Chemist: 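This is the structure, below, for whatever I ask next.
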Amino acid sequence: MPNGPSNRSLASVYVPQTVEKEIYQLWEQGGYFQPRPDLSKRPFSIVMPPPNVTGSLHLGHAWDNTLQDIVIRYKRMVGFDVVWVPGTDHAGIATQTRVEKTLQEQESLSRNDLGREVFVKRVWEWKQKFGSLITDQIRALGSSCDWSRQRFTMDDGLSTAVREVFVRLYEKGMIYRGKRIINWCPRCATALSDIEVEHQDISARLYYVRYLTGVDDQAVIVATTRPETMFADVAVAVHPADERYVSLVGQTLHLPLTNSVIPIITDTYVDPEFGTGCVKITPAHDPNDFEVGQRHHLDMPQCIDADGKLNALAGPYAGLTREQARVQVVADLKAGGYLEREEDMVHAVGHCSRCNTVVEPFLSTQWFVRMEELARPALAGVEAQNLNFVPERFQKVFIHWLENVRDWCISRQLWWGHRIPAWYCDDCGQINVSREELTTCEFCHSANIHQDEDVLDTWFSSALWPFSTLGWPQQSEDFLRYFPTSALMTGYDILFFWVARMVFMGLEFTEHMPFQDVVLHGLIRAEDGKKMSKSLGNGVDPLDVIERYGADALRFTLATGTTPGNDQRFHWEKVEGSRNFINKLWNASRFVLLNLSADGVMAPLDKSRLQAVDRWILHRLNDTIESVSNFLDGYDFGEAGRRLYNFAWDDFCDWYIEFAKLSLYGQDAEMKLQTQAVLHTVLDGLLRLLHPFIPFVTEEIWRSLPQREQALIVTQWPQTQAQWVSVEAEKEVGLVQEVVRAGRNIRSELGISPGREITMEIQTEQSDTESILIRSRLYIQRFCHVADLVIHTQGDIPRLALSAVVSGAQLYVPLAGLVDVGTELERLGKDVVRLQGEVQRAEKKLNNSKFVEKAPSDVVTSERNKLVDYQEKLQRVRQRMDWFQSQ
RNA sequence: GCGGCUGUAGCUCAGAGGGAGAGCAUCACCUUGACACGGUGGGGGCCACAGGUUCGAUUCCUGUCAGCCGCACCA
């Protein structure tokens, strides 16, 4: 890396805005995001879920990217050959709709005014113009993905992959074209797949309509929620076992308003309990009716067109929208005496997941992927544990979906996307499906052919993402080295849309699960727990957050707010907290840097010369390295981040730095050197550990560190070292902390002003405790502002003094003027209550013979130790109370 | 109807078969030579409810209630 000035002084407040861009450039120009050709390292690869090329970053992306970047940076430092492939998605409907809207607003033109070719050209221009917006935003977040491998779903290579897959599936009979009932969005004017339909409960009415038999006034009452489709009714069905209607089966009915004649048929699909037990059958406008129609070979006339309006079949109602027609038909039925009654009901109605328009079940010719054969290996693979879900519970959801999946409608009536590689021959009528552009029919060699107008579902190309981005169908170097990828990280909301499809496509075409681990996170929500949405206007722009608090603060917030698989709420206060933490780290680093030796040369750590506090912080660091590494290995980012937060703030800043000051400002030059070395070692480790979470600030601090050899991003992840494990130091510093807290508590509770120096006596009967206290006396004096500290194993207890007990020792603060017998008794009384509780709890356990018999011996031992400790403390406090009461 | 998640301090949330935690908020005190984006001390909780398993349950199991989310059906 370029050599920044060493040991330069840092400002007292960290200002991310001035640093982040520069650091990112430094990384990118240093080529650190690209893997080094090093075959001795194990590969670790991730493909980034591609955002919409013309979209902009939202907090969900930011979260997703942060988690991926944490893993990537961690694995890179651990020593894997890491590659993270970024890219964008052409997002068919979304992009097309957006361009159409702008076209309409700015030029009052529709896509039909332009024609297909010109329109598609305009979308490409739009993509060129706005396509870098989102990738720049991903850069602003600090993502260390390999931009040299960036892909777009409509790149040549990826388009080749799409064609290859389409053709192969078609040749295997796994893609077919057929006239079926599909989900149609009249506003988007395209077919949708089942999962692009959202079911919402709607309060509606159930209309009971009289269909006359033509004999006298005899009628059958049919219940329907969609009277406007009656013009396309071809039958009325009853359950074969429904005795009420047995005599009518085979007879005909006259449709009200049109007088068409339709038969009464039987089908077990009919639920005799619902409504009247009679169902009107409209095969072209209802998925269930469609199946009935197929079974009974019924006609399938359509009365609603693609634009959602009624057609000529509806006679006088032609031209009305579905909604208008319903109102009019109901009114006319009522007027004609055909409406028996109406009933309020609530039922689920499908809505377009993109524009929320009510979806029309629509009979049309579309392309489908046969799912049965694709789902089977996917299920088998998952059940054989070849795919590791984090958290595990998503596996069940995944399996359930695959077990029930229906054929996938993949054709879309759009212009923006991968055009279906099928050509129809106008002479022989054959369908040609081909990898190459065709000009003549492969069957009859006629030049009279035309390509299918439709494009493929965007998810069809996304399904190939993990291998198409790496070069497939070529056996490219990248594909051979980095596929299957190591992990796929994304929100659980696209488990079916994307993850499932990648899995079955991966298995079909590469014979591998496309990734080993599937790590699913939740959704980011607004403060009140609601979904962030444009319509609610409660969205937060991550770029705003970055601008105000820095990318690191955003990242740390998102990462530490993560509980595997769960949603999290966004609060500005959390970001502020993260910003404060980053500033804390900044200042702790400043402290360390200011106190290193002027020449920047560090003494090697000499274990024999270290003090307990040094061994303690190194022990803590060791512990932190271990747990953070473990949490990261298990993709538990939240817990890893929180551990680091606590270690950095509590152990390092609040305690160790304060301990270190004594040595740094003291007279012992040798000790000072060791302290400097420890400070440096801990900061060094901390920066490495925090780097995946808050890469900018850690790299920036790193640049100021002496003795650095390379950029932090490519340094080694810290290793645990057995030599730094020190139970003894934990115990020693634990006692010091207990004494300090007790001393501070006395000062605070008695309102002793901070500037006032006090006298303290500590009495203990244990020689090891005594030596710890003697060794630590300067800490106690400094932290509790004690001018005169007496430590003794025997002797008189100070008379008029405030007191506290700690494990193995008693503390006295003689303060004649401040001791009020009443308040002191009250203080001690509270302590007695607390300690009594503890003693009782421990006694109850230990008096239970079953506990002593059955509980693990270490639990019993520790319980015994606790009891002794509490009993002793209790006794001391009571003695003290007795003494006061006798006054 | 099937499946899942959540219920812990005022708020947002961790946690874990064996002494209830954090951040924010709150109260008191503090310009202590890294940091007021800071320091010190304090208050605050039958860990939703009822059973069960266990020596021991806030944690595991079952059920109930409440909130939420998928999937399926709905004439």
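Because the structure is predicted, anything quoted here is derived from the model rather than measured. Residue numbering restarts at 1 for every chain, and letters A, B, ... go by the order of the sequence lines.
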Chemist: Hey, does A/Glu639 reach any base, or is it just sugar-phosphate, or nothing, if we go heavy atoms under 4.0 Å?
Modeler: sugar-phosphate

Chemist: Any N or O donor-acceptor pair under 3.5 Å from the base of B/rC35 to the side chain of A/Lys584?
Modeler: yes

Chemist: Using every non-hydrogen atom in the two residues, find where A/Phe570 and A/Met532 come nearest and quote the distance to one decimal.
Modeler: CB-CE, 3.8 Å

Chemist: What's the closest nucleotide to the side chain of A/Trp649 if the choices are B/rU40, B/rG39, B/rC73?
Modeler: B/rG39

Chemist: For A/Arg569 and B/rC13, is the shortest distance between a side-chain N/O and OP1 or OP2 below 4.0 Å?
Modeler: yes

Chemist: Taking B/rG3 as the reference, what is the distance to B/rG52 when you measure between their C1' atoms (whole Å, please)?
Modeler: 24 Å

Chemist: Describe the nucleic acid contact of A/Lys845 in one word from base, sugar-phosphate, nothing, applying a heavy-atom distance below 4.0 Å.
Modeler: base

Chemist: Between B/rA16 and B/rA72, how far is it from one P atom to the other, in whole Å?
Modeler: 34 Å

Chemist: Reading RNA chain B from 5' onward, which residue's closest nucleotide shows up sooner: A/Asn583 or A/Lys830?
Modeler: A/Asn583

Chemist: When the distance from CG of A/Asp650 to P of B/rG21 is rounded to whole Å, what number comes out?
Modeler: 14 Å

Chemist: Work out how far the C1' atom of B/rU32 is from that of B/rA22, and round it to whole angstrom.
Modeler: 26 Å

Chemist: Taking atom C1' of B/rC35 as reference, at what distance in whole Å does atom CG of A/Leu594 sit?
Modeler: 12 Å

Chemist: Rounded to the nearest Å, what distance is computed from the NE2 atom of residue A/His571 to the C1' atom of nucleotide B/rC24?
Modeler: 10 Å

Chemist: Could you tell me how far apart A/Leu686 (CG) and B/rA34 (P) are, to the nearest whole angstrom?
Modeler: 18 Å

Chemist: What's the closest nucleotide to the side chain of A/Val13 if the choices are B/rC30, B/rC37, B/rC55?
Modeler: B/rC37

Chemist: Output the rounded distance in Å from CG (A/Asn404) to P (B/rC73).
Modeler: 10 Å

Chemist: Please classify the nucleic acid contact of A/Trp572 as base, sugar-phosphate, or nothing, using heavy-atom distances under 4.0 Å.
Modeler: nothing

Chemist: Say we look at B/rC11 and B/rA48: how far apart would their P atoms be, to the nearest angstrom?
Modeler: 14 Å

Chemist: What integer distance in Å separates A/Arg841:CZ from B/rA57:P?
Modeler: 13 Å

Chemist: Would you mind pulling out the nucleotide paired to B/rC49, Watson-Crick or G-U wobble, both distances under 3.5 Å?
Modeler: B/rG63

Chemist: Could you tell me the Watson-Crick or G-U partner of B/rG17, where both distances fall under 3.5 Å? Say none if there is no partner.
Modeler: none

Chemist: Using only side-chain N and O atoms of A/Asn745, determine if any of them is under 4.0 Å from OP1 or OP2 of B/rG42.
Modeler: yes

Chemist: So, is A/Asn580 near the phosphate of B/rG38, with a side-chain N or O under 4.0 Å from OP1 or OP2?
Modeler: yes

Chemist: Is the side chain of A/Glu824 donor-acceptor paired with the backbone N or O of A/Ser803 at a distance under 3.5 Å, no angle test?
Modeler: yes

Chemist: Roughly how far apart, to the nearest Å, are B/rC61 and B/rG17 at atom C1'?
Modeler: 13 Å

Chemist: B/rA34 phosphate, OP1 or OP2: any side-chain N/O from A/Tyr665 under 4.0 angstrom?
Modeler: yes

Chemist: Please state the C1' separation for the pair B/rG15 and B/rG21 - nearest whole angstrom.
Modeler: 7 Å

Chemist: Do any N or O atoms from the side chain of A/Arg579 and from the backbone of A/Gly550 form a donor-acceptor pair under 3.5 angstrom?
Modeler: no

Chemist: Atom CG of A/Leu802 and atom CE of A/Met760: how far apart are they, to the nearest 0.5 Å?
Modeler: 10.0 Å

Chemist: Could you check whether A/Arg393 gets within reach of a base, just the sugar-phosphate, or nothing at all, counting any heavy atom under 4.0 Å?
Modeler: sugar-phosphate

Chemist: Any base atoms under 4.0 Å from A/Asp271, or only sugar-phosphate, or nothing? Heavy atoms, all strands.
Modeler: base

Chemist: Between B/rA16 atom C1' and A/Arg642 atom CZ, what is the distance in whole Å?
Modeler: 13 Å

Chemist: For B/rU31, which nucleotide in any strand shown is its Watson-Crick or wobble partner with both distances under 3.5 Å?
Modeler: none

Chemist: Check the phosphate of B/rU40 against A/Trp655, side-chain N and O only, distance under 4.0 Å to OP1 or OP2. Yes or no?
Modeler: no

Chemist: Could you check whether the side chain of A/Glu658 and the base of B/rA34 have a donor-acceptor pair of N or O atoms closer than 3.5 Å, going by distance alone?
Modeler: yes

Chemist: Side chain of A/Glu863, backbone of A/Lys845: donor and acceptor closer than 3.5 Å?
Modeler: no

Chemist: For the pair made of NZ in A/Lys574 and P in B/rC11, what is the distance, rounded to whole Å?
Modeler: 15 Å

Chemist: Rounding to an integer number of angstrom, what distance separates B/rU58 and B/rU8 when you compare their C1' atoms?
Modeler: 8 Å

Chemist: Need to verify one output field. Residue with the more 5' nearest nucleotide on RNA chain B, A/Glu573 or A/Phe496?
Modeler: A/Glu573

Chemist: Using a 4.0 Å heavy-atom cut-off across all strands, classify A/Lys396 as base, sugar-phosphate, or nothing.
Modeler: sugar-phosphate

Chemist: Pairing check on B/rU58: which nucleotide meets the Watson-Crick or G-U wobble criteria with it, both distances under 3.5 Å?
Modeler: none

Chemist: Does B/rA34 have OP1 or OP2 sitting under 4.0 Å from an N or O in the side chain of A/Lys661?
Modeler: yes

Chemist: Cut-off 3.5 Å, side chains only: do A/Asn587 and A/Arg590 have a donor facing an acceptor?
Modeler: yes

Chemist: For B/rC24, give its Watson-Crick or G-U wobble partner with both distances under 3.5 Å, or none.
Modeler: B/rG10

Chemist: With distance as the sole test, does A/Asn847 use its side chain to make a donor-acceptor pair with the main-chain N or O of A/Glu843 at under 3.5 Å?
Modeler: yes

Chemist: If you compare every side-chain N and O of A/Thr563 against the phosphate oxygens of B/rA14 (OP1, OP2), does one of them come in below 4.0 Å?
Modeler: yes

Chemist: Taking atom P in both B/rC68 and B/rG51, compute the distance separating them and give it to the nearest angstrom.
Modeler: 28 Å

Chemist: Need one value for A/Leu206: base, sugar-phosphate or nothing, where a base atom within 4.0 Å counts as base even if backbone is also close, heavy atoms only.
Modeler: sugar-phosphate

Chemist: Identify the nucleotide, in any strand shown, that forms a Watson-Crick or G-U wobble pair with B/rG3, with both distances under 3.5 Å; if there is none, say none.
Modeler: B/rC69

Chemist: Which is true for A/Val270 with a 4.0 Å heavy-atom rule: it touches a base, it touches only sugar-phosphate, or it touches nothing?
Modeler: base

Chemist: To the nearest 0.5 angstrom, please state how far the CD atom of A/Glu340 sits from the CD1 atom of A/Ile221.
Modeler: 4.0 Å

Chemist: Using a cut-off of strictly less than 4.0 Å, decide whether A/Arg747 has a side-chain nitrogen or oxygen near OP1 or OP2 of B/rU40.
Modeler: no

Chemist: Once rounded to the nearest 0.5 Å, what's the spacing between atom CZ of A/Phe496 and atom CZ of A/Arg501?
Modeler: 10.5 Å

